[in-house]
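First the structure, in the form of C-alpha cells, and then the observations on it.
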Number of protein chains: 2
Amino acid sequence: MAKRKPTIHEVAHLAQVGIGTVSRVLNNHPSVRPETRERVLAAMARLGYSPNPHARRVAGGRSYTVSLVLPVVSTEFYNRLLEGIEAVLTEERYELALFPILSPIRLQRYLESRSLAYQTDGILVSSQGLASLLPDQRFPTERPVVLVDAYSPRYDSAYMDNRLGGRLAAEHLAQFPGSLFAIQLREELDEVLKNTVGQERIEGFREGLRKARRAFPGKHVFLSRFSLEGGRLALQYFMRLAKPPYNIFAGADLLALGVLEEAERQGLEVGREVRVLGFDGHPWTAEKGLSTLAQPIEEMGAEAARLLMSRIRGFKGPPRARRFEPTLVVRPSTQGP
Amino acid sequence: MAKRKPTIHEVAHLAQVGIGTVSRVLNNHPSVRPETRERVLAAMARLGYSPNPHARRVAGGRSYTVSLVLPVVSTEFYNRLLEGIEAVLTEERYELALFPILSPIRLQRYLESRSLAYQTDGILVSSQGLASLLPDQRFPTERPVVLVDAYSPRYDSAYMDNRLGGRLAAEHLAQFPGSLFAIQLREELDEVLKNTVGQERIEGFREGLRKARRAFPGKHVFLSRFSLEGGRLALQYFMRLAKPPYNIFAGADLLALGVLEEAERQGLEVGREVRVLGFDGHPWTAEKGLSTLAQPIEEMGAEAARLLMSRIRGFKGPPRARRFEPTLVVRPSTQGP
DNA sequence: GGCCACTTTGGAAGCGCTTTCGTCAAAAAT
DNA sequence: ATTTTTGACGAAAGCGCTTCCAAAGTGGCC
C-alpha cells in the first residue's frame, strides 16, 4: 500500500529536465545553471524525493560511506567527536558507519570483513590504542585510513596535544601555594585497547612543573580509572599524604568532579584548600565551576573527516599531521569562590 | 592496477551456467540441482568471488541489513550479545549495522534519518531504556522492530527475566548464616537512557527473601554505578552496618569483583565471612571463583534476530515474547574455599 | 555576420545484481 | 504410448542511479 518512493525520473519529469541534470544537481556538479538547479530542487521538495543510496553506490562504484572505528569508552567525548565528523560528511553527502570495537578480536574481524571492501570508501580510526593495532605494512584493502585522536607517522593524523595540556596545567597550578598533585587516567579497557592520553597528560604536567621549579614527588600521582569514584579516592589518598591546600591536576573532568564531591564531604573549601583542574572541557564543567583544559574535539573530528575526504578524492601526498591544542579555562575551582 | 572484482558473469561463464543460476545459488534458492550448485560454488571459490552487496540491494529492493540500536554501557554484555545476533545473520547472509546511541538526541536523529528508510530491513532495539523511548504509535518507517533485552507488549521481545535472577539469588543466599545485603546497579547514562535491570534484580531478591522469611532492611541495599569501585565502597558501607558474615547479592559481576577485592584488603575470608554472588556470568568469573547468575545472552540475541527475520519475511501475527532465564552458578565465593 | 569555444543539457549505456518468463527435458499421470 | 505436470535453467528485463557523449545553446571576437 505504501506508495513507492519517487525516483529520479519523476523529478526530472516534474522539473522538465533530463535525468542527467537531476543527477548533476544531486552531486553538486558545477555545470548546472542556477535557475535550472532551483527548478530541480523545487521538484525534489514537492515530491519528497531523496535518492536511493544503494542505486548511487552501484552506479557510482563507490560507497559514499566512511567508517569510524572506535573503542567504547567516554561517551561524551565521542558524542562531540561525532558531531564534528558528521557535520563535514553531511555536507559531502556521505554517510557514517560506526564500528565500535569492543575487543581486539572485533577489530581483527572488522578489518577482514567484506564490509570494508564495499561499504566504505575510507576509514577513520580513533584512539591511540586502536591505531597501534593497525597492521604494520599496509591496510588490507586499499582504502585510505586517517587517524583521529591518535598519531602515527604512517597515516594522516588529527590529534590532540595532551602533553601541552599537561604543561598548561602545570603553569596554572604552579602559581598557587600548597603541594601539587595529579590524578592519572588509566583507561578501563583491555590491555590492547588502552589509551596513552593519561600518561601523556601527566608527562606534560611533570615537564611544566620542572620548568617552574616546583617539587612533584612520584607518590603525588594517583592512578585511577575513568570514574567519579576515582576522584574521590584520590583526594582521600592525597589527604593522607599532606595538609591543605591541595592543587590537583585531574586527568579528566569526571575525575575532577569526584574531587569536588569529596572535598565537600570532607569540608574542604574549593578554590582555597582544594584547587582542582579537569581535562576535556565538557559542557557541564561550566555549571560546576570547574576549571578545565578545553579540547577542540569537534574541530579535530571535522579536520580528520576533511583529511579523509581529500584522500578519497585521490590526494597522494605524504602523511599529514594536524595538531590540536587544549586551552585553559579558569573557573572558581582554581581561583577561589 | 587492482584488478576488478569478479562479477556474477564471470562465475556463470566459468561454471558453464547462466547468471540466473548463479544468483539462485547465492540466495539458496531451492530449485538448483546439487551438482550444478557444486559447480557454481567451485567457480566462486576459484575466482574469489563475493557478491557486491550494493548491487544486490538495488536489484532486490531490500537492504539485506538489520540495524541494532544500543546504548553504550557494558562492553562485555554487548560483545556477547553481538555474537549471538551475528551468528544468525551470517547464516542468513545478512549484515549488521550498529547504532550506538550515545544520547537521546542521537536516537531521535537516527529514527528520522534516511538510513532507516534504505539501509535496514528491520531494527533491533536493545535495553529497556531505549525501548521506552520508542514512539508510542508506530515506527516512523514500516520496518519491523524487535526488542532485545527489553520487553514491551507492543513489539516482539526477547528479554531476560532479571526478577527471577533476583529470586534465585535470594534462595541461594538465604541458606547461609549472617545478614543479607545487596548492591543495586544504577546505570551511569543519561536519565532517559537508564536501564531498569538493577531495579528488577533487587525486586526479585526482595521477593525471594520475603518468601524465605529472612529480614532485609532497606538500608541493606547499596546503590552503585557499574564500576569496580562501587563494589569496594559497598562492602565498606556494609561493614559499618553489621558484623560478618556478609551475604551479598551484587547486581553485576564487576560489582561483585569489587567486593572480592575489598574483602581481601580488609582481611575478610571469602566464602565464610563474606559471601558474594554476581550477576551476568562473564567468562572471567570462573577463574575468580565468583558465584554468579549466568545469563544466556547469546541465545537471547540469536532469538531476537530470528524473531526479526521472521517479521522481515512477512510474518504478521501479534507480538511474541521470549523469556530467558538466568541460572545459578555456584563457585567458591559462596561456598567456602 | 560568421566562426569558435565554452557552457548547459538530454539521453543512452551500464553498474552487478534479482526476478520473471518461457523453454526444454524428464517424471508423473492417464 | 500420449498427455500433463513438474523441475531446472538460460535469457532478458529491470532496480535507480552515475557518467559519458553528442547536441544544442550562448556569448565573444574578428
Side-chain angles (χ1 to χ4, degrees), chain A residues 3-40 43-44 47-65 92-95 114 117-119 121 312-313, chain B residues 3-41 43-44 47-65 92-95 114 117-119 121 313:
Chain A
K3 58 182 62 131
R4 265 177 54 266
K5 302 206 57 167
T7 74
I8 205 174
H9 287 97
E10 277 121 86
V11 175
H13 182 77
L14 183 61
Q16 315 249 48
V17 298
I19 58 165
T21 302
V22 177
S23 174
R24 276 183 283 264
V25 169
L26 238 30
N27 294 285
N28 299 320
H29 194 91
S31 75
V32 175
R33 237 185 336 170
E35 53 194 86
T36 314
R37 142 173 274 109
E38 283 311 315
R39 262 215 326 285
V40 172
M44 299 201 310
L47 294 171
Y49 170 82
S50 73
N52 179 328
H54 304 312
R56 293 187 79 196
R57 295 197 249 257
V58 59
R62 274 166 293 156
S63 72
Y64 300 94
T65 297
E92 303 274 3
R93 291 176 171 276
Y94 254 68
E95 296 180 4
R114 294 174 315 118
Y118 287 110
Q119 312 278 37
D121 293 343
I312 290 175
R313 296 238 172 67
Chain B
K3 58 183 62 133
R4 266 179 51 269
K5 301 208 57 167
T7 74
I8 204 174
H9 288 96
E10 277 122 86
V11 175
H13 182 78
L14 183 61
Q16 316 249 48
V17 298
I19 58 166
T21 302
V22 177
S23 173
R24 277 183 280 263
V25 168
L26 237 31
N27 295 285
N28 299 320
H29 194 92
S31 76
V32 175
R33 236 183 338 166
E35 55 195 85
T36 313
R37 142 173 272 109
E38 282 311 315
R39 262 214 329 283
V40 172
L41 288 175
M44 300 202 307
L47 293 172
Y49 170 83
S50 73
N52 179 328
H54 304 313
R56 293 187 78 195
R57 295 197 250 257
V58 59
R62 273 167 293 158
S63 71
Y64 302 94
T65 298
E92 303 275 1
R93 291 176 170 277
Y94 254 68
E95 296 181 5
R114 295 174 314 116
Y118 287 111
Q119 312 278 39
D121 293 343
R313 297 239 171 66

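For the numbers below, each heavy atom of this structure counts, side chains included, while hydrogens, waters and symmetry mates do not. Reminder, nothing fancy here: chain letters follow the sequence lines and each chain counts from 1. This one's a predicted model, so the numbers in the text were calculated from it and none came from an experiment.
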Whole-Å distance between C/dG16 C1' and B/Arg56 CZ?
12 Å

Whole-Å distance, B/Asn27 CG to C/dG16 C1', equals 13 Å

Within a strict 4.5 Å, meaning less than it, do heavy atoms of the A/Arg39 and A/Val17 side chains meet?
yes

List in chain and number order the residues that pass side-chain contact (heavy atoms from CB on, under 4.5 Å) with B/Ile8, two or more places apart in sequence or in another chain; answer none if no residue qualifies.
B/Ile19, B/Val22, B/Ser23, B/Tyr49

State which of D/dG16, C/dT18, D/dT18 makes the closest approach to the side chain of A/Val58.
D/dG16

Kindly indicate whether the side chain of A/Pro6, heavy atoms from C-beta on, has any atom under 4.5 Å from the side chain of A/Met44.
no

On the nucleotide D/dC15, are OP1 or OP2 found under 4.0 Å from the side-chain N or O atoms that A/Asn52 carries?
no

Among the nucleotides C/dG16, C/dT18, C/dG14, which one has an atom lying closest to any side-chain atom of B/Ser23?
C/dT18

B/Ile19 CD1 - C/dG16 C1' separation (whole Å)
9 Å

A/Val32 versus A/Val25, closest heavy-atom pair with distance
CG1-CG2, 4.1 Å

Spacing of CG belonging to A/Asn27 relative to CZ belonging to A/Arg56, to within rounding of 0.5 Å:
5.0 Å

Nucleotide D/dC9, atom P - distance to NE2 of B/His13 in whole Å:
18 Å

Bending between helix ends of the helix from C/dG1-D/dC30 to C/dT30-D/dA1 [5 pairs per end, 10° resolution]
40°

Considering only residues two or more places apart or on different chains, which pairs with a residue in residues 24-33 of chain A satisfy salt bridge (charged side-chain N to carboxylate O under 4.0 Å, His left out)?
A/Arg33-A/Glu35

Mind calculating the distance between CD1 (A/Ile8) and C1' (D/dT18) to the nearest angstrom?
8 Å

For B/Lys5 and C/dC15, give me the distance from atom NZ to atom C1', rounded to whole Å.
15 Å

Select from B/Ala55 and B/Gly20 the residue whose nearest nucleotide in DNA chain C is closer to the 5' end of that strand.
B/Ala55

Treating B/Arg57 as the side-chain partner and A/His54 as the backbone partner, does any N or O pair qualify as donor plus acceptor under 3.5 Å?
no

Report the distance from atom OG1 of B/Thr7 to atom CG of B/Leu47, rounding to the nearest 0.5 Å.
9.0 Å

Just jot down the side-chain contact (heavy atoms from CB on, under 4.5 Å) partners of B/Ala59, sequence neighbours excluded, or say none.
none

Which whole-number value in Å describes the distance from B/Arg57 CZ to D/dG14 C1'?
19 Å

Reckon B/Gly60 touches a base, only the sugar-phosphate, or nothing at all at heavy-atom distances under 4.0 Å?
sugar-phosphate

In whole angstrom, what separates B/Glu10's CD from C/dC17's C1'?
13 Å

Between the protein and nucleotides 4-9 of chain C, are there any N/O to N/O pairs under 3.5 Å, and if so, what are the atom names and distances?
| from | atom 1 | to | atom 2 | distance (Å) |
| --- | --- | --- | --- | --- |
| C/dT9 | OP1 | A/Arg33 | NE | 3.3 |
| C/dT9 | OP1 | A/Arg33 | NH2 | 3.1 |
| C/dT9 | OP1 | A/Thr36 | OG1 | 2.4 |
| C/dT9 | OP2 | A/Arg33 | N | 2.9 |

